[in-house]
Amino acid sequence: MLADFETRIEHSELAERIARWDRAYHGADSPEVTDDVYDAARRRLLELEARFPELAAKSPASRAVGAVPAEGFGTVRHRVPMLSLDNAFSAGDVIEFDGTVRRFLGLELAASPAYVAEPKIDGLSINLRYERGILVQAATRGDGAEGEDVTRNVLTLPEAELPRRLDGEAPALIEIRGEVYMSKADFLALNQRQEAEGGKVFANPRNAAAGSLRQLDSAVTAGRRLSLFAYAMGETSEPVAASHWQYLQRLKAWGFAVNPHVRHCPDVAALLAFHDEMAASRARLPYDIDGIVYKVDDLELQRRLGMRSRSPRWAIAHKFPAEQATTLLEAIEIQVGRTGALTPVARLTPVNVGGVVVSNATLHNEDEIARKGVRVGDTVIVQRAGDVIPQIVGVVENTPRGAADFAFPDHCPVCGAQAVRPEGEVIRRCAGGLTCAAQAKERLKHFVSRNAFDIEGLGDKAIEFLWDLGWVRSPADIFRLKKTNDESPLRKLENCDGWGKRSVEKLFEAIAGRATIGLERFIFALGIRQVGEATAKRLARHYGSLESWMAAMEGGDAALAELTSIEDIGPAVARDLLDFFAEGHNVNALGELKKAMEALGGRVEDARVVEAAASPVAGKAVVFTGTLTAMTRPEAKARAEALGAKVMGSVSRKTDYVVVGLDAGSKAAEAAKLGVATLTERDWLALIGE
Ligand code: IVH
């Protein structure tokens, strides 16, 4: 049925209004309407488009949630973060996982929680938002906190796998999560077509699925065959099941494709048996799977288990063994990383390893080369597993031997400075520091990478190019690039190979769009040794703002003590952080960067407090001591952190509360001495409203 005249008018007015609000909100940073009014209008627009798809074709605005770069995707902030999974590689790892689950929950040895085992589909995860039963938005996982709005493209998936409207009774709001993938047959057919037409050939079905879903032109996506399996839940307005197993049944009833090889398992033994069965039959499945996911079945137990910074405690992915192949080692090259580490990389005769063509692999470090006896000219075994860089596992016996052992360089191949290997370490590092171009370039590449500043259009090649021109030598230069370029004769960049007027404009837009950024990404982007995403997040949450973090990093012993009081930050990481700030040039570069961002109207945004700031314990420093009765210690700690509290290991003047369990020892005494408030376990539960 086509939309009638009135509906068409309503639709076009809505689309126009929303586009205007978007411009005001994102462009001028001054919203014209409240979020509620905006959300209601968008909901209505998408509802109309779900009913009359021909309207969607005319409305670019329906795609536009969040920042709307002229031709990019909008950004979607996930209301419930999209997590990844911890990996298990052996039966031992799985047994340990089960043990951790039981200990956390304080279960008796005899009582095993039931699990659900599901194939781990090798695609990309998606969040599907349904309001009053109608699909209103689809977003990719992105970095877990923010993804891309791919609603348009998702509408090209088959209705029989991804319903546009939920069948039967559904909550007012529900987010369904699952995996978008491409079947092996569709992948092969696509690559044949691409080859014939001179288009991009994809390395594996997962890349093909991702490349197809993230197409700016949905007509292209429509020409690719994508599929979906639903398997998880995001935000919901009400509970929809008591167990994951029940939830899967509801997904089917609503009209989703649920993988047929899911199994309810009473214990670990059943999980392992299922894993082995699937490992034996995986080659015959019509799509790629790379392991089995185990999930605690009871949703109440899942809630209690909660999550770590990146993954839930209630699930784990048991990976299949890595796939291997043999090939010729043609050469060994040395790469210099952003911290100066020299890494040997094997150049290989290209070989297909489990469906992916591999031509480079890592050899880790000089000891590994020696230990494996690898020499140029050898036939070697390469393996790859999931996302990890392919590795050389060893040399095949009885192959013609290369002339000599590989001589690992003792100087940096890029800047010529000495490469030193400290006593007891396996990594040799270039001592060139600031003067080494390789290190500086790698730091810049890290700075703009996906989980850091994520500046679209500024990939590795562009950085190399801008570096060679001398235009970008430090992060601040990126934000000053437009100025540099304007002043240079005739906007040189536009006339450079591979760049046109439009791509330069887009790059400047992308840079300006990132002049405002969250504190955790900012910290991660600095590339401080050992400070990965998880640590950056903890630092951001602990210190709150860039200013207070920087101020705290000045102060010697006190700074060290405060750093090590943060969960998962040990003395080594704390040292690296303080070393970074002890270098005047780092502090200067940071100041320059901040200034350059501010000159573009940007800033570093303070970290968000985890749950509602209304939580009475948000931002409070809490110490647990003694034996708790209502929950185990890890559970109490996780719960407190979820409410925004900082859980500390020892009592100091900065402690807000000491929660005293049974048989508490010196910490309770210390609290009394320092005059810190002590709470019984009951007081604590009352305080957090449980
Ligand atoms: S559950 C909170 N179930 O694996 C956990 N994930 O490595 C949510 N994946 O990002 C994920 N098949 O893209 C789950 N049956 C399955 C899955 C699955 C594939 C992907 C998913 C996730 C990644 C984690």
Side-chain angles (χ1 to χ4, degrees), residues 56-57 63 69-73 120-126 138-142 147-162 178-229 257 282-290 323 325 327 347-361 382 384-390 449-450 456-462 497-500 502-503 506:
R63 193 182 63 203
E71 289 163 27
F73 294 105
K120 185 166 186 297
I121 315 296
D122 207 2
L124 66 155
S125 49
I126 190 108
T140 60
R141 173 169 183 273
E148 285 173 330
D149 185 328
V150 290
T151 313
R152 271 299 173 70
N153 293 349
V154 148
L155 295 175
T156 65
L157 271 85
E159 286 244 31
E161 295 172 5
L162 191 162
E179 199 84 352
V180 172
Y181 66 96
M182 191 178 279
S183 75
K184 292 178 187 168
D186 288 333
F187 164 69
L188 292 175
L190 170 64
N191 265 359
Q192 268 175 11
R193 239 171 36 230
Q194 293 289 98
E195 212 166 340
E197 294 164 7
K200 180 183 162 83
V201 172
F202 294 98
N204 53 44
R206 186 240 290 254
N207 289 1
S212 303
L213 190 66
R214 300 184 63 250
Q215 275 291 335
L216 288 174
D217 180 356
S218 6
V220 176
T221 313
R224 312 262 174 94
R225 295 178 57 158
L226 294 171
S227 303
L228 173 93
F229 283 125
R282 89 193 254 219
R284 290 191 294 277
L285 291 176
Y287 42 83
D288 271 352
I289 65 174
D290 59 348
E323 317 221 43
T327 188
R347 304 285 175 218
L348 306 165
T349 303
V351 62
N352 186 321
V353 190
V356 177
V357 178
V358 172
S359 48
N360 300 315
V382 208
R384 57 165 280 272
D387 272 343
V388 293
I389 304 167
S449 65
R450 203 159 141 67
E456 208 165 335
L458 214 48
D460 289 3
K461 274 202 193 129
D497 229 17
W499 297 81
R502 186 69 200 119
S503 60
K506 269 169 70 175

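Here the side chain of Asp122 pairs no donor or acceptor atom with the backbone of Pro205 at under 3.5 angstrom. For the pair Lys184 (side chain) and Arg284 (backbone), a donor-acceptor distance under 3.5 Å is absent. Within the 3.5 Å criterion, the main-chain N or O of Ala257 finds no donor-acceptor partner in the side chain of Glu161. Gln215 places no side-chain N or O within donor-acceptor distance of the main-chain N or O of Thr221, the cut-off being under 3.5 Å.
A distance of 8.0 Å separates CD1 of Ile121 from CG of Leu285, quoted to the nearest 0.5 Å. To the nearest 0.5 Å, atom CZ of residue Arg224 and atom CZ of residue Arg193 are 7.5 Å apart. Atom CD of Glu179 is separated from atom CG of Leu124 by 6.5 Å, given to the nearest 0.5 angstrom. Of the inter-residue distances, the one linking Leu162 atom CG with Thr156 atom OG1 reads 9.5 Å to the nearest 0.5 angstrom.
Proximity of Gln192 to Leu188: side-chain heavy atoms (C-beta onward) are nowhere separated by under 4.5 Å. Within the 4.5 Å cutoff, no side-chain heavy atoms of Val358 are placed close to those of Thr327.
In plain terms, the two heavy atoms of Ala361 and Val382 that are nearest each other are CB-CG1, 4.1 Å. Here the shortest heavy-atom pairing between Arg206 and Gly123 reads CG-O, 3.5 Å. Nearest heavy atoms, Ala325 versus Val351: CB-CG2, 3.8 Å. The shortest non-hydrogen separation linking Asp149 to Phe73 is O-CD2, 3.3 Å.
For the side chain to side chain donor-acceptor pair (under 3.5 Å) test, residues two or more places apart in sequence or in another chain that qualify with Thr349 are Glu330. With sequence neighbours excluded, the residues that form a side-chain contact (heavy atoms from CB on, under 4.5 Å) with Ala208 are Met182, Phe187, Leu190, Phe202. Every residue two or more places apart in sequence or in another chain was checked for a side chain to side chain donor-acceptor pair (under 3.5 Å) with Asn207, and none qualifies. A search for side chain to side chain donor-acceptor pair (under 3.5 Å) contacts involving Ser125 returns nothing, not counting sequence neighbours. Listed by chain and number, the residues in a salt bridge (charged side-chain N to carboxylate O under 4.0 Å, His left out) with Arg225 are Asp186 (sequence neighbours excluded). Residues meeting the side-chain contact (heavy atoms from CB on, under 4.5 Å) test with Pro350, sequence neighbours left out: Val357, Ser359. For Glu148, the side chain to side chain donor-acceptor pair (under 3.5 Å) test picks out Arg214, with sequence neighbours left out. Residues meeting the salt bridge (charged side-chain N to carboxylate O under 4.0 Å, His left out) test with Arg347, sequence neighbours left out: Glu333. For the salt bridge (charged side-chain N to carboxylate O under 4.0 Å, His left out) test, residues two or more places apart in sequence or in another chain that qualify with Arg282 are Glu323. Every residue two or more places apart in sequence or in another chain that forms a ring pair (Phe, Tyr, Trp, His ring centres under 6.0 Å) with Phe229 is listed here: Tyr181, Tyr287.
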**Request:** Test Leu226 against Asn153 for side chain to side chain contact (heavy atoms under 4.5 Å, CB included), laying out the working first.
**Result:** CA-CA 10 Å; Leu226 294 171; Asn153 293 349; over 6 Å; no
